[in-house]
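Written below as C-alpha cells is the structure these notes are about.
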2 protein chains.
Amino acid sequence: MKMRNEYTCPLEMTHDIIRGKWKPIILWQLNKGSHSLSGLKKSINGISQKMLIQHLNELLECGIIHKSKGEGYPLKSDYVLTERGKRLFEAVSIMQSIGIEMMIEDGRQDFLRDKGLL
Amino acid sequence: MKMRNEYTCPLEMTHDIIRGKWKPIILWQLNKGSHSLSGLKKSINGISQKMLIQHLNELLECGIIHKSKGEGYPLKSDYVLTERGKRLFEAVSIMQSIGIEMMIEDGRQDFLRDKGLL
DNA sequence: CAGCATCCCCACTGATACTG
DNA sequence: CAGTATCAGTGGGGATGCTG
C-alpha cells in the first residue's frame, strides 16, 4: 500500500490506512475476536492468502493490529485489534450501517434478510 | 471506479464508494456547503480537474451528491450532498477524528496546531 | 499452518490539450 | 467556467508455486 508522503489533513491518513480492498472486512472479523491466519482466510470470502498477509502486514505497520506468534508445531499465529484498531473499527462499523441503509433505500431487503442483517 | 459485481456484505458497498483517493476530501468540502467545480478545485489541494470531475461523477451515480447546472454564461455548476451523502459524511467525519487521534499518539500535535485542528 | 517470491494484468491516477 | 479526450506510468490485486 502506497501511502502519501505528506498529509494535508488527518482524514487522508485514515483513508490511506483503510483504502485496501480487504481492510474493512479484516477489521470486521478481528473485532469479533482474535484470529489465526487460516481462521481469517476461512472467514473472509474470496481473499487470497497473499493479499490477506499483505494487508495484515500493512495494518501491523500502522499499529492497527497486533500479532502473536506461537513457537512450536503446528505453527499458530494470532492477530488482534490494538486499541487504535478498535477505534478504527468504529468507523468501519459506521460504514457497515450506512451500507445497510443504502441497500434498504435501494430495495434490497431480501439480500439483507438472507444475510441475517435485517 | 471499478465496483464489485456482488457484495457479500453492505460494508463492501460503502467501502467501494469511498475508496477513491479524493472522495473523502470532496465529501468533507461539500459538507461545508455547496460548491462549484472551480470552488472545489481551489479548496482541494493537489487535485487535478480530471480526477475531480471523475470522482464527482462516481458520487453522482451512487446518489451521494446532487448536481445543479446553470444555463447562462458564465457557466455555473453546483454540487451538494444528498441526504445519503450527509449520512456518508458521518463516516468520513469519524475517519477524520481517528486520524487526529492517531497523529496525537504519534506526537504530531505541532502539525495539527498548524492546521488549527487542535 | 504460516509466510515469502514471482509474474502479470488492469484500474487508478495524472498531465496535457481541446470543446461549448 | 465546465467538461471531454487521449496517452502513459504505476502500483494494487490476484494466481501460483516454494520454504520453514
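In the text below, chain A, chain B and the rest are named by the order of the sequence lines, each starting its count at 1.
- The separation between A:N57 atom CG and C:dG3 atom P is 8 Å, rounded to whole Å.
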Starting from the C-alpha separation in whole Å, work towards a yes-or-no answer on side chain to side chain donor-acceptor pair (under 3.5 Å) for A:T8 and A:E12.
-> CA-CA 7 Å; A:T8 60; A:E12 292 176 340; 3.1 Å; yes
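- When rounded to the nearest whole Å, the span between CD1 of B:I25 and C1' of C:dT13 equals 14 Å.
- Nucleic acid contact class of A:I53 (heavy atoms, under 4.0 Å, all strands): base.
- Following rounding to the nearest Å, A:L52 (CG) and D:dG12 (C1') show an atom-to-atom distance of 16 Å.
- Note: NZ (B:K42) to C1' (D:dC1) measures 10 Å, nearest angstrom.
- Distances from the side chain of A:Y79 to the nucleotides D:dG3, C:dG3, C:dA11 place C:dG3 closest.
- Each of A:L75 and A:K50 has a nearest nucleotide on DNA chain D; the 5'-most of these lies closest to A:K50.
- With D:dG3, D:dA2, C:dG14 as the choices, the nucleotide that has an atom nearest any side-chain atom of B:S36 turns out to be D:dA2.
- Between B:K86 and B:E83, at least one side-chain nitrogen of the basic residue sits less than 4.0 Å from a carboxylate oxygen of the acidic one, meeting the salt-bridge criterion.
- Backbone-only contact: B:K67 has heavy atoms under 4.0 Å from sugar-phosphate atoms and none from a base.
- Of the side-chain N and O atoms in B:H55, one or more sit less than 4.0 angstrom from OP1 or OP2 of C:dT13.
- Here B:D110 does not pair with B:R113 in a salt bridge; the nearest charged N to carboxylate O distance is not below 4.0 Å.
- Counting to the nearest Å, the C1' atom of D:dA15 and the NZ atom of A:K21 are 13 Å from each other.
- For B:Q49, the side-chain atoms get nearest to D:dA2 when compared with the rest of D:dA15, D:dC7, D:dA2.
- In this structure, A:K41 does not reach the C:dA2 phosphate: none of its side-chain N or O atoms is under 4.0 Å from OP1 or OP2.
- Comparing D:dG14, D:dG3, C:dT13 by their nearest atom to the side chain of A:R19 picks out C:dT13.
- Rounded to whole Å, the distance from CH2 on B:W22 to C1' on C:dC12 is 13 Å.
- Candidate nucleotides C:dG14, D:dA2, C:dA2 were compared by shortest atom distance to the side chain of B:L37, and D:dA2 ranks first.
- Among the nucleotides D:dG14, D:dG3, C:dC1, the one closest to any side-chain atom of A:S38 is C:dC1.
- Comparing C:dA11, C:dG14, D:dG12 against the side chain of B:K2 picks out C:dA11 as the nearest.
- As a whole-Å value, the separation of A:Q54 CD from C:dC7 P is 17 Å.
- The two atoms that bring B:S36 and B:D78 nearest to each other are N-OD1, 4.4 Å, heavy atoms only.
- Per the geometry, NE2 belonging to B:H15 stands 12 Å off P belonging to C:dC12, to the nearest Å.
- Taking 4.0 Å as the cut-off between side-chain N and carboxylate O, A:D106 and B:R84 count as a salt-bridged pair.
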